[in-house]
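Reviewing the structure listed below.
All chains are named by letter (A, B, ...) in the order of the sequence lines, taking the proteins before the strands, and each is independently numbered beginning at 1.
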Amino acid sequence: MTLDSRFAPGDVEPRLYRGWEREGSFACNPDSNAQPYTIMIPPPNVTGSLHMGHALTFTLQDTLIRWRRMQGRDALWQPGTDHAGIATQMVVERLLAADGKDRREMGRAAFLDRVWQWKAESGGTITTQLRRLGASLDWPRERFTMDDGLSAAVKETFVTLYNEGLIYRDRRLVNWDPKLQTAISDLEVENREVKGSLWYLRYPIEGEPGDFIIVATTRPETMLGDTAVAVHPDHPAYGALIGKRAILPLVGRSIPIVGDTYADPEKGTGAVKITPAHDFNDFEVGKRHDLPMPSILDRQAMVTVEEIADVLAAIPGVADPDFVRGLVGQSRFAARSAIIAELERLGLLEKIEPHVNQVPHGDRGGVPVEPRLTTQWYCNAAVLAKPAIEAVETGRTVFVPKQWENTFFAWLRDIQPWCISRQLWWGHRIPAWYGPDGTVFVAKDEAGAAEQARAHYGRDEALSQDEDVLDTWFSSALWPFSTLGWPEKTKELDRYYPGDVLVTGFDIIFFWVARMMMMGLHMMGDVPFRTVYIHGLVRDEKGQKMSKSRGNVIDPLELIDTYGADALRFTICALTGPGRDVKLGAARVQDYRGFITKLWNAARFCEMNGIRPDPAFDPSQVKLPLSRWLLDAANTALREADAALEAYRFDEYAAAGYRFVWNNFCDWFLEFAKPLLAEGADAAGAAEIRGVGAHVLGLILRMLHPAIPFVTEELWDRFGYGAACSLIGTAWPAPVAVPDAEAARAELDWVIRLIGIVRSVRSEMNVPPAKPSPVLLRDASAAVLARAGRWIEAIRRLARASDVQALGGDVPKGSAQAVLDETTVVLPLQGLIDIDAERARLAKERDKVAAEAKKVRQKLDNPDFVSRAKEEVVAENRERLAAFEAEIARLQAALQRLE
RNA sequence: GGGCGGUUAGCUCAGCGGUAGAGCGUCUCGUUUACACCGAGAGGGUCGGCGGUUCAAAUCCGUCACCGCCCA
């Protein structure tokens, strides 16, 4: 074995990943006695490809799962994807369109065949890409929401909830996407700021020629469907009109003027037109006042007059049925222009003001959503939400960070009926059949429905299944248990439900977290996960959200190609603090790649110096302070790493590893080890250093494996710590008792500080590095001198000292001086240093300490502080003051010696 | 309009009552054979403003400003 001078992730990563998969290293074991640890992913969209958001969330999850797996837990990380009804159907329709085909021509069955074919060819993109990241998902257990088993779970749930009255049909307003021609969820609607206008329309008052009520609207085209004008009951000018009627221009309909607090006297004119079939607020007003609710836009958002045909009336100068009929078939945008022009012609347009408003857009289709009155299937989410809210209130499920539970509560406490039907072909077909008279029979299959129909009608009747499919989230909500075999009673279900943690971004709380909680509690009787860890979003270096339109999207696969998966993963961990977005760019990944390289090179040094795993090495038997110091520091790092991971502090975990490897192992241990390993050094000492070095390198590899699995596994294998690809399954290290750790810490701490002081003085005094200098210790105790003697080689090497000795007599002329505890460190550098500069340096040092001392003295001079502060704080400050004063005295003495 | 989060060194961020920190960048120095994807040293902050609580405030409370997100 000889390690290359650079770690080559591109060669190593695929080989190790294949090795892990081949060895079955990612597999859970339902037959084991170990305590399970389960992470259910919010399943990614089958049409998706890996983006930085995935890289973030899967890196964190993989870090957790690898850590728990090493701790001996029976880890299940359940992979899979959801079928993404709308997105997938759009993808396949686009492919068909390229071939000049249309799904309606080919028919439902052929279209679905085509979707499955697409899924077989392209649906594995993201799962392949997750492997590049190193994600250790239990792939043989991969599930898809349209699988038979998961489909059975959907049917079971639908039928159960229907029978409980929690699923029902209702006619109400939905968010309708006119492009996709389906209902969509509130959560699939994004409000976009659009520069529009506020049009002020004059509606004539019935029976009072020449009088108008002026309504302000952002959507004049909907006026065809107006069935009232609402004013605030207390409105000074318009309040008196309540109870009268207005003539709806163009249409000629007589509509009431109603009093409703929905009308905001501050907005527009204070009077608002009411179109119950095309606006959610107006719908509520319509219900309160029992208004008609005609739709004037069809499924494509084209004008239709079918529902207002019988109220059209010709009123000269106000309304013209021919004009209205002429709008039929026009888009809502064209109709708007035409209506405004006509109103203007009739003198019924008061004015137009520029207006910026929030326009709801379908997030997939990209066109403005049209509220539309349709019959859909609904789930009574308010009932399901109650136990979900309670589970978080009582701590059965805990949010980390806790503040996110407010977001969860806010949404669930105000939850609207969940529209679960979609006018799509790709998805779980709603298990409802209709008889000839429209009676609904809900059953898991057609035979069940037929049986119900027979009982109902007393004979066999032809049934037709509902054409619609279910919202994708209906099946995603079941994911934490449907993937485990439910509704079958499987040992996996028994063992891995509830899961331990759901890891996701805050934007997903409404989507998956809330729905999984509701369905898990209702169908399984228990929460789906005990902890919900919420991380931030990935942004670019400037903090901007990554988006295709901004052109600032970073492809994680490119980062992996360039810097390696470990570098990307470590960067993500290091930057993932609590409740923070992660600003990430190539530069950051490059920086952290330095750490991977550092680790690699430290290992190379070990290799070159005969540091290799020794099964006989016993850390409790080490003799050298350096060994004890290193083991003690490793204990600290391990404790920090564990505490950090327990608390989901990925940044602190990464920092603990970084500090230990770089600042303890490399900067000091390996440097101190060099003379001890040199030729002619004490053989027993060298053997111990090799032993402890190998032991601690092994600890490092284990401790960092969850974050940087590839480089650690490669080194583990190459050094022969275990069989090939075995690190992933190796036990997580625990701190061990280190004899005399306190003394070792004191000793090494002193040596490190001494070297630091000498280096600092030399650098500040511009001593040429090639000029070694003696290091003289004045006022040093016998113990300190003995210590210096033990470390003389290291001090020579690292502090550029020619010798280290006690200084008995006077300080030689032209020396530089510094204070280390009770000792004054003297560097005789006559001719090499500028005495004035040295004087200034010492004075500055003294003044700095004096300033500190002054602050502490002022504190101690305050009787309130001494009497009211905690005793240990007072004592600590007394000690600090004493130390400062002693240091000042020594610096002062050093200054005087210069004269 | 309501809610949440943020404002600490040039940048990215920890710290959240008792000595202001890290990483990166900057400057100076370095052919010390693990590593220049390196080593050594240095400089750099009235912890957004203003009030308050406290012996003590970056940290707790109030208020304002600015930035970002979510919901109307």
Side-chain angles (χ1 to χ4, degrees), chain A residues 3 5-7 186 190-191 264 266-267 280-281 358 401 403-404 406-407 409-411 414 506-507 509-510 536-537 539 541-545 563-564 567 571 574-585 587-609 611 649 651-652 654-655 658-659 662-663 665-667 670-671 673-674 755-770 772 796-800 851-853 855-856 858-870 872-874 876-877 879-881 883-884:
Chain A
L3 295 180
S5 65
R6 293 277 166 81
F7 173 57
D186 300 357
E190 65 180 37
N191 287 307
D264 180 351
E266 305 291 313
K267 257 164 83 177
F280 286 94
N281 291 310
Q358 300 284 324
Q403 77 218 35
W404 288 112
N406 293 325
T407 304
F409 289 143
W411 192 67
D414 185 38
F506 56 77
D507 51 334
I509 292 175
F510 306 141
L537 304 181
R539 298 175 177 280
E541 283 120 319
K542 291 181 221 129
Q544 300 242 311
K545 207 166 168 177
Y563 304 108
T571 306
L575 299 181
T576 300
R580 275 257 188 191
D581 285 347
V582 175
K583 288 185 203 164
L584 203 146
R588 309 307 305 278
V589 181
Q590 188 173 4
D591 290 344
Y592 280 105
R593 181 186 54 179
F595 176 69
I596 308 296
T597 308
K598 186 74 178 176
L599 174 60
W600 181 261
N601 279 298
R604 276 184 81 212
F605 174 83
C606 290
E607 180 197 36
M608 290 171 182
N609 284 278
I611 292 174
R649 286 298 302 263
D651 55 339
E652 289 184 348
Y658 189 104
R659 267 197 308 269
W662 208 307
N663 304 121
F665 192 72
C666 294
D667 287 350
L670 292 183
E671 293 303 330
K674 282 173 184 175
I755 292 167
I757 276 175
V758 176
R759 280 171 169 174
S760 179
V761 169
R762 288 177 57 98
S763 174
E764 280 186 58
M765 290 290 97
N766 292 316
V767 179
R796 273 185 185 139
R797 195 186 170 91
L798 300 175
R800 318 238 79 194
E852 284 299 307
K855 279 202 287 192
V856 179
Q858 276 171 348
K859 231 180 209 191
L860 288 164
D861 285 347
N862 179 351
D864 282 333
F865 173 71
V866 178
S867 60
R868 308 184 86 139
K870 277 179 285 185
E872 57 269 30
V873 174
V874 177
E876 196 183 306
N877 277 284
E879 282 164 33
R880 288 185 64 215
L881 181 59
F884 285 144

Quiz item: Below 4.0 angstrom from OP1 or OP2 of B/U7, is there any side-chain N or O of A/Arg580?
Solution: yes

Quiz item: Of the nucleotides B/A14, B/C55, B/A40, which one has an atom closest to the side chain of A/Asp864?
Solution: B/C55

Practice problem: Assign A/Asn862 to base, sugar-phosphate, or nothing according to its heavy-atom contacts below 4.0 angstrom with the strands shown. | Solution: sugar-phosphate

Quiz item: Looking at side-chain heavy atoms only, is the closest gap between A/Tyr658 and A/Lys598 below 4.5 Å?
Solution: no

Practice problem: Using a heavy-atom cut-off of under 4.0 Å over every strand shown, decide if A/Arg880 touches base, sugar-phosphate, or nothing. | Solution: base

Quiz prompt | A/Arg868 vs B/C55: side-chain N/O to OP1/OP2 distance below 4.0 Å | solution = yes

Quiz item: Whom does B/A20 pair with, Watson-Crick or G-U wobble, provided both distances fall under 3.5 Å?
Solution: none

Quiz item: Touch check for A/Cys606, heavy atoms < 4.0 angstrom, all strands: base, sugar-phosphate only, or nothing?
Solution: nothing

Quiz item: Has A/Thr597 got a side-chain N or O lying under 4.0 Å from the OP1 or OP2 atom of B/C38?
Solution: no

Self-check item: B/U32 base / A/Arg797 side chain donor-acceptor hit below 3.5 Å
Solution: no

Exercise. Apply the ring-ring contact (aromatic ring centres under 6.0 Å, His included) test between A/Trp411 and each candidate in A/Phe506, A/Trp404, A/Phe510; give the one that qualifies.
Key: A/Phe510

Quiz item: Can a side chain N or O of A/Tyr658 be found less than 4.0 Å away from OP1 or OP2 on B/C24?
Solution: yes

Quiz item: Should A/Trp662 be listed as having a side-chain N or O under 4.0 Å from OP1 or OP2 of B/G39?
Solution: yes

Exercise. Would you indicate, yes or no, if B/C37 has its OP1 or OP2 atom less than 4.0 angstrom from a side-chain nitrogen or oxygen of A/Arg6?
Key: yes

Exercise. Kindly say if A/Lys674 contacts the phosphate of B/U33, meaning a side-chain N or O under 4.0 Å from OP1 or OP2.
Key: no

Quiz item: With distance as the sole criterion, do the side chain of A/Glu671 and the base of B/A34 form a donor-acceptor contact below 3.5 Å?
Solution: yes

Quiz item: Which part of the nucleic acid, if any, lies within contact of A/Lys855, taking any heavy atom under 4.0 Å across all strands shown: a base, the sugar-phosphate backbone alone, or nothing?
Solution: sugar-phosphate

Practice problem: In whole angstrom, give me the gap between the P atoms of B/C16 and B/G1. | Solution: 35 Å

Practice problem: With C1' as the reference atom in both, quote the distance from B/C66 to B/C27 in angstrom, rounded to an integer. | Solution: 33 Å

Quiz prompt | Between C1' of B/A36 and NZ of A/Lys598, the distance in whole Å | solution = 11 Å

